[in-house]
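The structure appears right after this line, and notes come after that.
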Amino acid sequence: MIAQVVFDLPLEGPFDYLIPSSLKSSIAPGLRVNVLLGTKKRTGLVTGLLEQSSFENLKSIKSVIDEKPLLDQAQMDLGSDLSRYYGCSLGEALFTILRGSSVIESSVIARSEATKQSNKIATLPAVARNDNNDKLTLHVVPSGDYVPILVSVMKPLVQRKQRVLILGPDQFAVQAIQEALKKYFSKNDYFIGARSMVFRSLMGIALVMMVDEDNPSYKQEQTPLYETRQVLLMRAKRENIDVVFISATPSVEIMDLVHKGKIHLKNYPARGLVKPQAVDLNNYKILLKGLLSPAVLSALERNVSGGTKSILVFNHRGSYAVTRCSECGFVLKCGRCDSPMLYWRAKKQYFCRHCSFHCEPDIVCPHCQVPSWKSFGLGIEPLQKALQEKFPTSRILTFERRSPQILKDYDILVGTSALLRFKYQIQAALVVLLDIDEELNRLDIRSCFRAFSLAGHLRGMAQGQFLIQTRHPNHYVIKSFSEDDADIFYREDMRIRRELALCPFGHQVMIHLRSLQQKLGQQAAQELYQALNSLSSPNVSMKIHAPVAEAVAKKRDQYRLNILVQGEDVIDMIAFIKKAMRQTKRRSKVIVVLNVDP
DNA sequence: AGCACGCCGACT
DNA sequence: GTCGGCGTGCTC
């Protein structure tokens, strides 16, 4: 007998290994084995059994690690779906699933529910599930108060002793959900976890709920760069499971499925939500610090004198602060990245936004040898200072990504969009989004959704008044708020996406190339670009864009280039790109990563 | 990815 | 002579 084995390596497999007669009864698909690959001992996963192999001189399996399969049949199938969609090897996909499905727990399940099947791989039991259109549901909760929905959906299932799987965008959210559900359910009534929990075995689970569906943290940052929503949709299709998505500002991708009738929509009237107001900056000549309009200042004044809280959110994007030598104008840059250093007041140091690089303020200018630096551009700290002068007796705090915690004792809180991490815990009488325009004007189509979603979530924090400052009051993102009609946003965003054949009306695969040597990276990109072009024929409608350096071309000493491929079908595009990659010689010093719908 | 193998230049 | 850098190709 022969076992097919895959590895957590970018290798197309599977590899055939002889099963020694002593291990014959203990080997099955879905369990891990130790084998020699080349000269090195490695852990692989058995994907199948064969009578014969087309390879000669097979090596033997050294030992078996698991007693029972760690993955069920559905998870094994998901592995091949993942590898074809995200362009990783089957082994990388299956080991990703393995790490996400909390091995110990699922082996307990495999033992308890599959005892009569010996070590055979478990298949989904025939559970009577909904067979109508209600299998996939989207609950839109503009207020962001998703807990009542979780409770009402879960309650009947828990009463029938059925189990639910809950996905939260990150560990903060998962803890918050657990805390909120304590009042209603016991810990054994449901499973919960962050994005990798989407890979868990669905045996014994009646429903999966994905909380805050549009949260960007649902995208994995390492290969395979999967999108949790997409994985869940793949599983729903194959495994016939019920799924509930919950969001305050649903992604355009999921709204498209709603429009196509594939997802059932439930809207919750925006009870208690404040009506957003756009502040047209074109009406004002002078802004404090270039960012605070008289309208916002008077709203702040009202709340300060009334003793209520205000939150100002500075979106930061695009407005880069720069530090220059006051003698010669030389820009202080990070040694490892292609980006300017920023001053961090609390630590009294300059730091790089992309890596851990930092330096003392008395560092001398390499040109004129003078340690005299001046920072330009705006951060939240100068903003805080300016406000403190305006409101000397108020408590004005700052919050950004690096802040250790959010303090509650304030009159005015000046923060970045990192505040969103605590969006359901924070509330204030007045919430102001200071700068949204930079986000509206970007070429990236997703940035309009980011703007929409940022504003949508901030609105949920506001108890009395929500202001958006803008110079583009007629932009569709702004209009969707000032006219309080989210459909204005979705209709127009989908129209643009359809016109440009962007996600979800077409797909993009970004090929990221990076190397410590700029030349090598450029060579590799050029070669791959040529291979892609020579492979493409007129009957495959794929657009291949020439390699472009990333916005921050050098990050952590690595030079970065991107090749963008546009097309209709992701699986076709991935197969096409992989073919082109096989035709170009692999360089050990150039790392290539595929990013589907970045 | 990680490793061996093989080809060149530099050096005790 | 031989040590070691790097490019190439393979792993069942």
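The shown structure was predicted, so the numbers you read here are calculated from the model rather than taken from an experiment. The chains referred to below are lettered A, B, ... by the order of the sequence lines, with proteins before strands, and numbering in each begins at 1.
Side chain to side chain, N315(A) and E438(A) fail the donor-acceptor criterion of an N or O pair below 3.5 Å.
Using a 4.0 Å heavy-atom distance criterion, R587(A) is classed as making no nucleic acid contact.
Out of dT8(C), dC10(C), dC12(C), the shortest distance to the side chain of Y17(A) is found at dC12(C). Checked against dT11(C), dG7(C), dA4(B), the side chain of F15(A) finds its nearest nucleotide in dT11(C).
An OP1 or OP2 oxygen of dC3(B) is reached within less than 4.0 angstrom by a side-chain nitrogen or oxygen of K40(A). Regarding contacts with the backbone of dG7(C), a side-chain N or O of K589(A) is found under 4.0 angstrom from either OP1 or OP2.
R586(A) places its CZ atom 13 Å from the P atom of dC3(B), with the value rounded to the nearest Å. Taking atom CD of residue Q222(A) and atom P of nucleotide dA1(B), one finds them 13 Å apart after rounding to whole Å. Between L36(A) atom CG and dG2(B) atom P the separation is 16 Å, expressed in whole Å. Rounded to whole Å, the distance from CZ on R42(A) to C1' on dA1(B) is 7 Å. Rounded to a whole Å, the CZ atom of R582(A) is 19 Å from the P atom of dT8(C). What separates CG of L11(A) from C1' of dG9(C) is a distance of 12 Å, to the nearest Å. The NZ atom of K41(A) sits 16 Å away from the P atom of dC12(C) (whole-angstrom rounding).
Considering only residues two or more places apart in sequence or on other chains, H367(A) meets the ring-ring contact (aromatic ring centres under 6.0 Å, His included) condition with F330(A).
Ring pair Y226(A)/Y85(A): centre-to-centre distance not below 6.0 Å.
Side chain of D66(A) to main chain of P69(A): no donor-acceptor pair is present (N/O by atom type, distance under 3.5 Å, no hydrogens or angles).
Screening K219(A), E253(A), Q220(A), R195(A) for a side chain to side chain contact (heavy atoms under 4.5 Å, CB included) with E227(A), the sole residue that qualifies is K219(A).
Both tests pass for R421(A) against the ring of F172(A): distance under 6.0 Å to the centre and angle within 45° of the axis.
Contacts of residues 44-63 of chain A with DNA chain B (heavy atom under 4.0 Å): none.
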